[in-house]
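Here is how names work: the chains are called A, B, and so on, in the same order as the sequence lines, proteins then strands, and each is numbered from 1.
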Number of protein chains: 2
Amino acid sequence: MSVTIYDIAAKANVSIATVSRVFNNHARVSPRTRARVLAVAEELGYQPHASAQSLARKKTSLVAAIIPMMTNYFFVEVIRGLQDRLAESDLDLIVYSTLTLNEVDVQLERALQRGLASGVLLFATPMTPARVARLQRSSQPVVLVDSFHADFDCVSTNNREGGCRAVQHLIDRGCTRIGMIMAHPESLPAADRRIGFEQALRQAGLPLREEWIVVSEDMKQHGFTEEAGYQAMKTLLARRTRPDGVFVTSDLQALGALQALHEAGVAVPDEMALIGFDDIKISRYVGLSTLRQPMYEMGRVAVDKLLGRMEQPERPTSHTVFSPALVVRRSTAGEQAQEKGFLAWPLDHT
Amino acid sequence: MSVTIYDIAAKANVSIATVSRVFNNHARVSPRTRARVLAVAEELGYQPHASAQSLARKKTSLVAAIIPMMTNYFFVEVIRGLQDRLAESDLDLIVYSTLTLNEVDVQLERALQRGLASGVLLFATPMTPARVARLQRSSQPVVLVDSFHADFDCVSTNNREGGCRAVQHLIDRGCTRIGMIMAHPESLPAADRRIGFEQALRQAGLPLREEWIVVSEDMKQHGFTEEAGYQAMKTLLARRTRPDGVFVTSDLQALGALQALHEAGVAVPDEMALIGFDDIKISRYVGLSTLRQPMYEMGRVAVDKLLGRMEQPERPTSHTVFSPALVVRRSTAGEQAQEKGFLAWPLDHT
DNA sequence: CTGAAAGCGCTAACAT
DNA sequence: ATGTTAGCGCTTTCAG
């Protein structure tokens, strides 16, 4: 069927070992034979067989990305960064998108133990002792994206700082009753954002009222969904006194929150300002203020780390932390928003 | 290092063949030895080695999806469908997202010839004779998503019908000068949508004026980008007489078009109505009318077809065509829109 | 610089 | 029902 090194060895009058050497730029092969081999290979349209190579080399050209919630478009952008960087190194990407964390463990097992992937990019997954142990006893390197553990290479955004800046921004625009819509606290990013939130309030001497903090009970995608945001805002709106500014742990939730606000006839940002986190593509269109994560870049860096470790398994782990950038739009700045976004368009025909 | 069938064979006092049989539910293995083997395997934490299996079986557990423009969130939704269905059959998904069609061919070659993937899902790629030939001489089955060729299994949306219904909707709401913003005509879906567009105009006896049709020259992502839509609308707005209704070949482009309309102070839909195609998630939030494609379902069906063919390579090809559903929102219906979407919210504070 | 040969871990005849 | 034995296509000592 497909052409193998035997075919090209025969046709080029060399042994298969030589052919193999040529393709691995290995040892000393005379320029002449090398050229001949290459020519024949080209002529026959030879391509090395992936599985055979993996078996012999004891490592694959596959990297697995395990992504707990791809519906969160944040991750889609990161994937692009992964892809681009991976392609440069001739690696292929296996994608597992899961809905629950149990599934994460299942997929992890799949990718790790069958020797399918020679590296794993693990997204937004809390590092329980069990997971840490599992990961450590596997030989493949792992890079954590959007979560952290000192024993692994990590890339993430400074969520605490982001939460802090979000609240600071609300304060700057004059909000005094500041609330928060939290995803599930098991999510480390969400938890960190909350810490930043509380810190900023303390610093400003503003009250931190529990009734203005709504925490998602929904485990589904850790509560990073529009539905969760919608429900949370409904809850918030039912309070005796309402906050006049709300920090939401993700843009996706903020979208749902906006919907609830709209249905309740609450003016944004005048009666209530809203700021999210991520800066997914949608946000620009709805004029949602937010903290932008450099998603594409995060993807590239994640792969860099993975490749680095594949070459030097013993090098010390490192953690790259990006600072989120404040993006001011209508949901906090009203008409004065620097970035108007789309939301403006219907105003014209009203 | 890792445990192999030899280990478990030794420990269970059987041959490796028997172990293999157990794991492949193969021939007749006595219940007793089977139990014993399974027990030992469990104890040792055995997992078959993916590459070794692939090499011996001459087929992998990997399916490749080649996606020319993942930034088009349409495809992200389809991927979910793929994933879910694939997981049911214990297959893994390799994702290649490319920006140009040249890259598509490169990736195709990668996936196909190295025997990496045992099946390919090819997205939105025009079936040139060269590609058809390439695909046909490979042994792996291919399913075309969002494109068509009689020699392959396909799943797509009825784009002609969609274009037709879009225009019909514009006509129903009273538009008489109907224009269109086209992606690159090399894109089959775009071309088909245009055919539907023209057909509907003819049927209604409305003029089909070339100056109201703007075709993207941009090859990048076949012109399915916001930027392309933005530029196209600018062009359209510069015409002596403007259309009062525009059908755009994708929601992504429509988003850009809306931006241009906003900047020009054109009232939507009163001065100009707009309708897109796809119904990506964003569309609901900006109140964009559109034709919805059943993305998740398309993904599942695509995998069904692929698996079907992997089992019966000779079965006749089939083409599943979904009918797009009209979704009416503010961009064509104004305040009367059934689905209000989010665009409403800023109205409240104006 | 090049060839021979022994695996890598598993499957699949072919025997028994 | 189970064992033996060839491979699958490639890498990698070890000789020459």
Side-chain angles (χ1 to χ4, degrees), chain A residues 1-38 40-41 44-62 90 110 112-118 139-140, chain B residues 1-38 40-41 44-62 90 110 112-118 139-140:
Chain A
M1 351 211 292
S2 163
V3 16
T4 72
I5 50 174
Y6 286 90
D7 301 323
I8 110 155
K11 193 151 184 179
N13 279 314
V14 292
S15 72
I16 59 166
T18 299
V19 177
S20 176
R21 289 197 187 95
V22 169
F23 279 95
N24 293 292
N25 312 357
H26 239 332
R28 302 69 55 93
V29 186
S30 88
R32 298 197 39 192
T33 50
R34 147 166 276 116
R36 189 149 35 93
V37 167
L38 252 20
V40 175
L44 267 41
Y46 168 78
Q47 290 273 103
H49 185 103
S51 305
Q53 276 188 322
S54 307
L55 186 57
R57 291 186 186 158
K58 294 170 174 293
K59 67 183 217 184
T60 70
S61 67
L62 295 167
D90 221 46
R110 262 185 87 80
L112 249 32
Q113 197 153 21
R114 296 182 312 156
L116 225 201
S118 49
S139 51
Q140 293 102 321
Chain B
M1 355 210 293
S2 163
V3 17
T4 73
I5 50 174
Y6 287 90
D7 302 323
I8 110 155
K11 192 150 187 178
N13 279 315
V14 294
S15 72
I16 60 164
T18 300
V19 178
S20 176
R21 287 196 189 95
V22 169
F23 279 94
N24 294 290
N25 311 357
H26 241 332
R28 298 71 53 93
V29 185
S30 88
R32 297 196 41 193
T33 50
R34 144 167 277 117
R36 188 149 36 94
V37 167
L38 253 20
V40 175
L44 267 42
Y46 168 77
Q47 289 274 104
H49 186 102
S51 305
Q53 276 188 321
S54 306
L55 187 58
R57 289 184 186 158
K58 292 166 173 298
K59 67 183 220 185
T60 70
S61 67
L62 295 167
D90 220 45
R110 262 185 88 80
L112 250 31
Q113 197 155 18
R114 297 183 311 154
L116 225 201
S118 47
S139 51
Q140 293 101 322

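Where B:Asn13 and B:Arg57 meet DNA chain D, the nucleotide closest to each residue was compared, and B:Asn13 sits on the side nearer the 5' end. The 5' end of DNA chain D is approached more closely, in terms of each residue's nearest nucleotide, by B:Leu55 than by the other of A:Ala56 and B:Leu55.
The base of C:dG3 sits with one of its N or O atoms less than 3.5 Å from a complementary donor or acceptor on the side chain of A:Arg21. For A:Tyr6 and D:dC8, a side-chain-to-base donor-acceptor distance below 3.5 Å is absent, hydrogens and geometry of angles not being considered.
The side chain of B:Ser15 places an N or O atom within less than 4.0 Å of a non-bridging phosphate oxygen (OP1 or OP2) of D:dG3. For the OP1/OP2 pair of C:dG3 and a distance below 4.0 Å, the side-chain nitrogens and oxygens of A:Thr18 include at least one atom meeting the criterion. Between B:Thr33 and D:dT2 there is a side-chain polar atom (N or O) within less than 4.0 angstrom of OP1 or OP2. The phosphate of C:dG9 (OP1 or OP2) has no side-chain N or O of B:Gln53 nearer than 4.0 angstrom.
Between the CG atom of A:Leu116 and the P atom of C:dC8 there is a distance of 20 Å, rounded to whole Å. In this structure, the CG atom of B:Asn24 is 17 Å from the P atom of C:dG9, given to the nearest Å. We find that CG of A:Asn25 is positioned 14 Å from P of C:dC1, with the value rounded to whole Å. For B:Lys58 and C:dA13, the NZ to P distance is 12 Å, given to the nearest whole Å. A:Arg34 places its CZ atom 10 Å from the P atom of C:dT2, with the value rounded to the nearest Å. Between the P atom of D:dT5 and the CD1 atom of B:Ile16 lies a distance of 11 Å, rounded to the nearest Å.
Annotation: side chain of B:Thr60 is not in contact with side chain of B:Leu116 (no heavy-atom distance under 4.5 Å). Annotation: side chain of A:Thr33 is not in contact with side chain of A:Val22 (no heavy-atom distance under 4.5 Å). B:Arg34 has its side chain out of reach of B:Thr18: every pair of non-hydrogen atoms, C-beta onward, lies at least 4.5 Å apart.
Ranking D:dT12, C:dC10, D:dT11 by closeness to the A:Ile5 side chain, first place goes to D:dT11. The side chain of B:Val29 approaches D:dT2 more closely than any other nucleotide in the set C:dG3, C:dT2, D:dT2. Listed nucleotides D:dT2, D:dC10, C:dG9 differ in distance to B:Ser30; the shortest reach to its side chain belongs to D:dT2.
In terms of modelled atom types and a separation under 3.5 Å, the side chain of A:Gln140 and the main chain of A:Leu112 share a donor-acceptor contact. No side-chain donor-acceptor contact under 3.5 Å links B:Asn24 to the backbone of B:Arg21.
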Could you list the donor-acceptor pairs under 3.5 angstrom formed between side-chain atoms of residues 47-56 of chain B and any protein atom two or more places apart in sequence or on another chain?
| residue | atom | partner | partner atom | Å |
| --- | --- | --- | --- | --- |
| B:Ser54 | OG | B:Ala50 | O | 2.8 |

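Counting non-hydrogen atoms under 4.0 angstrom, A:Val19 reaches nothing in the nucleic acid. Across all strands shown, A:Thr4 has heavy atoms under 4.0 Å from sugar-phosphate atoms exclusively, and none from any base.
A:Lys11 approaches A:Leu44 most closely through the heavy-atom pair NZ-CD1, 3.8 Å. In this structure, B:Val3 and B:Tyr46 approach most closely via the heavy-atom pair O-CD1, 3.4 Å.
If one axis is set at each end of the helix from C:dC1-D:dG16 to C:dT16-D:dA1 from five pairs, those axes are 40° apart, to 10°.
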